[in-house]
Amino acid sequence: SKKKGLSFEEKRARMMEIFFETKDVFQLKDLEKIAPKEKGITSMSVKEILQSLVDDGMVDTDRIGTSNYFWAFPSKALHARKRKLEELESQFAESSQKKEALQKSIEKSKTGREDTAERAALLKELAALRQKKEQLKTEIDKYRECDPDVVEEMRQTNQVAKEAANRWTDNIFSIKSWAKRKFGFEESRINKGFGIPEDLDYID
């Protein structure tokens with residue numbers, strides 16, 4: 001069977017191993033020779049991988065004369081990862097607070113007040129929060145191989161956020177059920193009137 005190639009994150013992790021294991025300073029041409037031989041990273045992808053690590057602050061670079069040099073130390077890389085994870089934790093906490101506020105707004109809407117504009121705004125914000133959660137999950141996955149213990153804690157936080165989103169979805173279903181009983185509306189009419197997606201469902 002054909003051997004599966006390395007993923008982008010696997011290449012990043014292996015590139016960092018070169019710096020951490022040697023504790024040396026390299027030029028691009030050096031890494032293009034070392035990476036394929038020692039880490040299985042194709043020479044053509046070395047520049048892209050290296051630039052992504054520089055952009056994330058995990059690898060330092062400086063120009064001396066006409067040449068660019070690259071280096072990385074474990075202590076700085078760990079500090080950069082922790083700082084990024086703290087930032088993600090803060091964004092998760094903010095998202096959770098917004099979800100809680102939206103849940104309270106839904107509870108108030110159960111009193112029967114007709115407020116189509118407000119409900120439409122809430123649904124729009126819910127969609128934005130879900131998109132934000134997916135972005136955060138992608139960021140967390142990016143740092144998974146770097147700090148597994150901290151990322152596991154972040155996964156648990158993500159689970160809490162997912163459960164909150166599902167409770168929010170449950171509230172929407174409850175409102176729809178109440179509207180059908182009280183006014184005899186068809187579900188498709190409720191969805192259309194309040195801008196509720198037809199495929200609205202719980203997050204697995």
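Values in this document were obtained by computation on a predicted structure and should not be read as measured data.
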Answer whether the closest heavy-atom distance between the side chains of M16 and M58 falls below 4.5 Å. yes
Just verifying a value: how many Å separate L6 CG and R14 CZ, rounded to the nearest 0.5 Å? 4.5 Å
Hey, does the side chain of E10 reach the backbone of S7 with a donor-acceptor pair shorter than 3.5 angstrom? yes
Hey, does K99 have a side-chain heavy atom less than 4.5 Å from the side chain of L129? yes
Quick test of your reading of the model: are E9 and R12 salt-bridged, counting only N-O distances below 4.0 Å? yes
Would a 4.5 Å heavy-atom cut-off, applied to side chains only, mark D62 and Y69 as touching? no
Do the side chain of S67 and the main chain of R63 share a donor and acceptor less than 3.5 angstrom apart? no
From CA spacing to verdict: side-chain contact (heavy atoms from CB on, under 4.5 Å), V46, K11: CA-CA 9 Å; V46 168; K11 290 178 182 178; over 6 Å; no
Residues at least two apart in sequence or cross-chain that pass ring pair (Phe, Tyr, Trp, His ring centres under 6.0 Å) with F70, listed by chain then number, are none
Rounding to 0.5 Å, atoms OG (S45) and CZ (F8) come to a distance of 8.5 Å
Do any pairs count as a salt bridge (charged side-chain N to carboxylate O under 4.0 Å, His left out) and have a residue in residues 190-200, sequence neighbours left out, and if so which ones? none
Side-chain touch I49/L31, heavy atoms, less than 4.5 angstrom: no
In this structure, NZ of K132 is separated from CD of E94 (nearest 0.5 Å) by 8.0 Å
Can Q131 and Q135 be said to form a side-chain contact (heavy atoms from CB on, under 4.5 Å), step by step? CA-CA 6 Å; Q131 182 178 5; Q135 292 173 349; 3.9 Å; yes
Decide whether W71 and I64 are clustered together by the hydrophobic rule: side chain heavy atoms of Ile, Leu, Val, Met, Phe, Trp, Tyr closer than 4.5 Å, transitively. yes
Answer yes or no: does atom CD of E21 have more than 12 heavy-atom neighbours from other residues, nucleotides or ligands under 6.0 Å? yes
Inter-residue atom distance E125.CD - L102.CG, 0.5 Å rounding: 4.5 Å
Which value, rounded to the nearest 0.5 Å, describes the distance between L28 atom CG and K33 atom NZ? 11.0 Å
Run the ring-ring contact (aromatic ring centres under 6.0 Å, His included) check on F19 and F26 step by step: do they pass? CA-CA 9 Å; F19 289 107; F26 301 95; 5.7 Å; yes
Which pair of heavy atoms, one from G195 and one from L123, lies closest together, and at what distance? O-CD1, 3.5 Å
Nearest 0.5 Å, what's the CG-CZ distance between L126 and R130? 4.5 Å
Using atom types as modelled and distance alone, determine if a side-chain donor or acceptor of D56 lies under 3.5 Å from a backbone N or O of L53. no
Using side chain to side chain contact (heavy atoms under 4.5 Å, CB included) as the criterion, list what pairs up with Q51, not counting sequence neighbours. V54, D55
Tell me the closest heavy-atom pair linking S43 and P36, and the distance in Å. N-CG, 3.7 Å
Does the side-chain contact (heavy atoms from CB on, under 4.5 Å) test come out yes or no for I18 and K39, once each step is laid out? CA-CA 8 Å; I18 295 175; K39 298 299 178 180; 3.7 Å; yes
